[in-house]
There are 2 protein chains.
Amino acid sequence: MGATMKDIAKRTGLGLATISSYLNGGNVREKNRIKIEEAIEELHFEVNEVARGLKTNRTKTIGIVIPELNNIFFAEIITEAEDILRSHGYATMICDCRSDAEREKEAVEFLYHRRVDGLIVMPTGRTDPGFKRFVRAGKPVVMIDRKMQDVPCDCVLVDNKGAARDAVKRLVRAGHRKIGMIAGPDNVYTARERLKGFQEAVAEMDAVADETLITGGNYTIAGGAAAMRKLYKMHPDMTAVFVTNYEMTVGAMMEINDLGIRVPDELSVIGFDNVDFAKASVPKLSIVTQPTASIARAAADNLIERLESRPVNEKADEDADGERMTVTVTLKTGFVEGRSVKTMNN
Amino acid sequence: MGATMKDIAKRTGLGLATISSYLNGGNVREKNRIKIEEAIEELHFEVNEVARGLKTNRTKTIGIVIPELNNIFFAEIITEAEDILRSHGYATMICDCRSDAEREKEAVEFLYHRRVDGLIVMPTGRTDPGFKRFVRAGKPVVMIDRKMQDVPCDCVLVDNKGAARDAVKRLVRAGHRKIGMIAGPDNVYTARERLKGFQEAVAEMDAVADETLITGGNYTIAGGAAAMRKLYKMHPDMTAVFVTNYEMTVGAMMEINDLGIRVPDELSVIGFDNVDFAKASVPKLSIVTQPTASIARAAADNLIERLESRPVNEKADEDADGERMTVTVTLKTGFVEGRSVKTMNN
DNA sequence: ATCCAAAACCGAAACGTTTCGGTTTTTCTA
DNA sequence: TAGAAAAACCGAAACGTTTCGGTTTTGGAT
């Protein structure tokens, strides 16, 4: 079917190496350039990336491993990252591991097999599902959103602790003392950070520090709903609740709806992540937002930079005992004011 | 770094062909099998898919082109499809073209270059961005959600017309006559179908047939909000509105919220797509749902079947003048009852 | 023990690139 | 215009598989 470089060489009377040189941006005499371009045009030649990959040992493909694709927070990051990477000629292979450590391991192995050049990941569990293998092979890994101690790689994080602390302080300043928190699973890095932020704020601001005001919601809609119910049953006098991701915010709102609680008169709410949902809620929700586009850009740029500058340091990497200098960037969150927080006049 | 088949051959004293045979499920003498497995274990051998791909001319990769990844409807389908494909050893390269025809064309070209074995696509525009090239090359293409006349390929559709008709009939049966519709862009297949369904129902049920009751919302949140406002301004006496995708449903709810309209007392609403959002709304929304998992499964299974059975018909395909038998499956939508439709006692 | 078909095995060629040394051509300098 | 440096060019080997003929081994049947 497709024409090969050999065909182009034959057609133009030039050598294989010259064609290759032309294709890779090397110098070629003007008249030959024209001949080559004509031949390419006529024969509809397109370079075979697979063959090239075999030879160069680079697939120009990067793997992405995420917990859930049907989660707007992740999806937004992926969209942006894919766009940037593709504009640099990199294809992306996305693997959704459904927040399951076993699947995650399979995905990483799968991508290793496929010999992707690098990885963008949001680790699901606390143990390495095989990232180290990439690092050992000199393939860059950048971790997003969550950190993992024992894998030496670049990270792009968000100031989760600060975001939570800030949100809670807002509530306290509005006069709330008894504040509930719907937390994420404690094996997830972001959940732990947000919890810390909550606790710090409670301590600093002298709000009610009661362990039972903190309920796990598992980062799911159902979990958020269950947590909301539990909190409300246990603390009917609670005046505000802080929900710490999008899914749980949706779940909590469903439950609040079912319980017939009026927001913000009876209960103030601060949610997380999704501006659109917040604006579409009645009343509009106040929420913490994450800079998804910046996260994606930081991750993609970092990866590309590592990939393109690799050849130079090849030796340097080695003698540094495999231990590269890694960089971690932490981005700031935002806050969108809604009408779901009542100011108490006490 | 990595060991190759040659290393395994040397280590075991066997021939290259034998190793290849073993790796591809061929028969090998028991004792040799053991030797091979030991060698693989010791040398940490993993077959190089890139080299294999070069030789077999199959990348075991399929491309997915969608209008928006950060759109739950699409994201859910992708998640599921990716899962199925990967379990069959296929990697997926996802390209988000942001509903832009130009980007879509680039994406298709990109994937063609990458020599993916097949394509799952949701066409953005009405003209072929290059799918035909795949078809000509004997590579299966399956179209999801939207149909395109001039590209002969398999399709997985949803009964959009029926869904819309059904939804409107529900409204009429509940006593509504003056029903607004927030429609999608008319260059999108599904939007046209939903519009047809609406019009059919209005005609059949003798509801008010006024062109100005139909407003385009562009399938976006902002569009949905604007359309809602326009509808309300023009027809304050409208008693129900049918919104025809998730984003516009969110937008419409935002606007309804802003305008202070009470649902369902002043206005009944039927939305589209996202059950979770519907349940989290106040009051719970009645919505049309789409069978995302079934769509994904139908598409992925179809593709795999075409790919795995290809070698046999290779010849048959050809002499059929490139015109293969294509199949279109149409799936049924669902309906989730909420509390957003008022029953009029007139 | 002998023979034969079937099963298992083998090496070499090929897939379409890049790259390495080495050769030719061009261009510049004196 | 001769000579040399630089630029352009070249073919062959290599990347790690699969596959094609052909050869050897195996295990029954005689």
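To find a chain, count down the sequence lines: A is the first, B the second, and so on, and within it residues start at 1. If you're wondering where the values come from, they're calculated on a predicted model, not measured in any experiment.
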Measure from the side-chain heavy atoms of R29(A) and tell me the nearest of dT26(C), dG16(C), dT17(D).
dT26(C)
Any donor-acceptor pair under 3.5 Å linking the side chain of S294(A) with the backbone of T292(A)?
no
Counting heavy atoms from C-beta on, name the nucleotide in dG16(C), dA14(D), dT17(D) closest to the side chain of M5(B).
dT17(D)
Do R103(B) and D83(A) sit within salt-bridge range, that is, some charged N less than 4.0 Å from a carboxylate O?
yes
Spacing between K10(B) atom NZ and dG16(D) atom C1', to the nearest angstrom:
13 Å
From CG of L54(B) across to P of dA14(D) the rounded distance in Å is 17 Å
Any side-chain N or O of N24(A) under 4.0 Å from OP1/OP2 of dT18(C)?
yes
Can you tell me how far C1' of dG16(D) sits from CZ of R52(A), to the nearest Å?
18 Å
Measure from the side-chain heavy atoms of K55(A) and tell me the nearest of dT17(C), dA14(C), dT26(D).
dT17(C)
Donor-acceptor pair, distance only, cut-off 3.5 Å: does the side chain of N187(A) make one with the backbone of G125(A)?
no
Regarding E30(A), tell me which of base, sugar-phosphate or nothing describes its non-hydrogen contacts under 4.0 Å with the strands shown.
nothing
Has the side chain of D96(B) got a donor or acceptor atom that lies under 3.5 Å from a matching backbone atom of L69(B)?
yes
For R33(A) and dA7(D), give me the distance from atom CZ to atom P, rounded to whole Å.
19 Å
Just how far, in rounded Å, is C1' of dT17(C) from CD1 of I19(A)?
13 Å
Nearest-angstrom distance from the residue atom CG of D7(A) to C1' of dT17(C):
13 Å
In whole Å, what is the span from the CD1 atom of I8(A) to the P atom of dT18(C)?
13 Å
Applying salt bridge (charged side-chain N to carboxylate O under 4.0 Å, His left out) to E82(B) and R86(B), what does each step give before you reach the verdict?
CA-CA 6 Å; E82(B) 189 262 325; R86(B) 180 143 49 90; 2.6 Å; yes
Only residue of K35(B), R33(B), E37(B) satisfying side chain to side chain donor-acceptor pair (under 3.5 Å) with Y22(B) is E37(B)
Where the side chain of K6(A) is defined as all heavy atoms beyond and including C-beta, which of dC9(C), dC15(C), dT17(D) is the nearest nucleotide?
dC15(C)
Side chain of A17(B) (C-beta onward), nearest among dT18(D), dT18(C), dC20(D):
dC20(D)
Categorize Y22(B) for me: base, sugar-phosphate, or nothing, with a 4.0 angstrom heavy-atom threshold over every strand shown.
nothing
Length of the line joining N57(B):CG and dT18(D):C1', which is rounded to integer Å:
12 Å
Between dC9(C), dT17(D), dC9(D), which nucleotide has the shortest distance from any of its atoms to the side chain of V28(A)?
dC9(D)
Both G15(B) and R115(B) contact DNA chain C. Which one's nearest nucleotide lies toward the 5' end?
G15(B)
Which part of the nucleic acid, if any, lies within reach of V50(B) when heavy atoms closer than 4.0 Å are counted: base, sugar-phosphate only, or nothing?
nothing
Which part of the nucleic acid does T56(B) contact within heavy-atom distance under 4.0 Å: base, sugar-phosphate only, or nothing?
sugar-phosphate
Among dT18(C), dT17(C), dT17(D), the nucleotide that comes nearest once only the side chain of S20(A) is considered
dT18(C)
Would you mind telling me which of dC9(C), dC15(C), dC15(D) lies closest to the side-chain atoms of L14(B)?
dC9(C)
Which of the following nucleotides, dT17(D), dA8(C), dC9(D), is nearest to the side chain of N32(B)?
dA8(C)
Kindly point out which of dT18(C), dT17(C), dT18(D) is positioned nearest to the side chain of L16(B)?
dT18(D)
Kindly say if N27(A) contacts the phosphate of dA8(D), meaning a side-chain N or O under 4.0 Å from OP1 or OP2.
yes
T18(A) side chain near dA8(D) phosphate (N/O to OP1/OP2, under 4.0 Å):
no
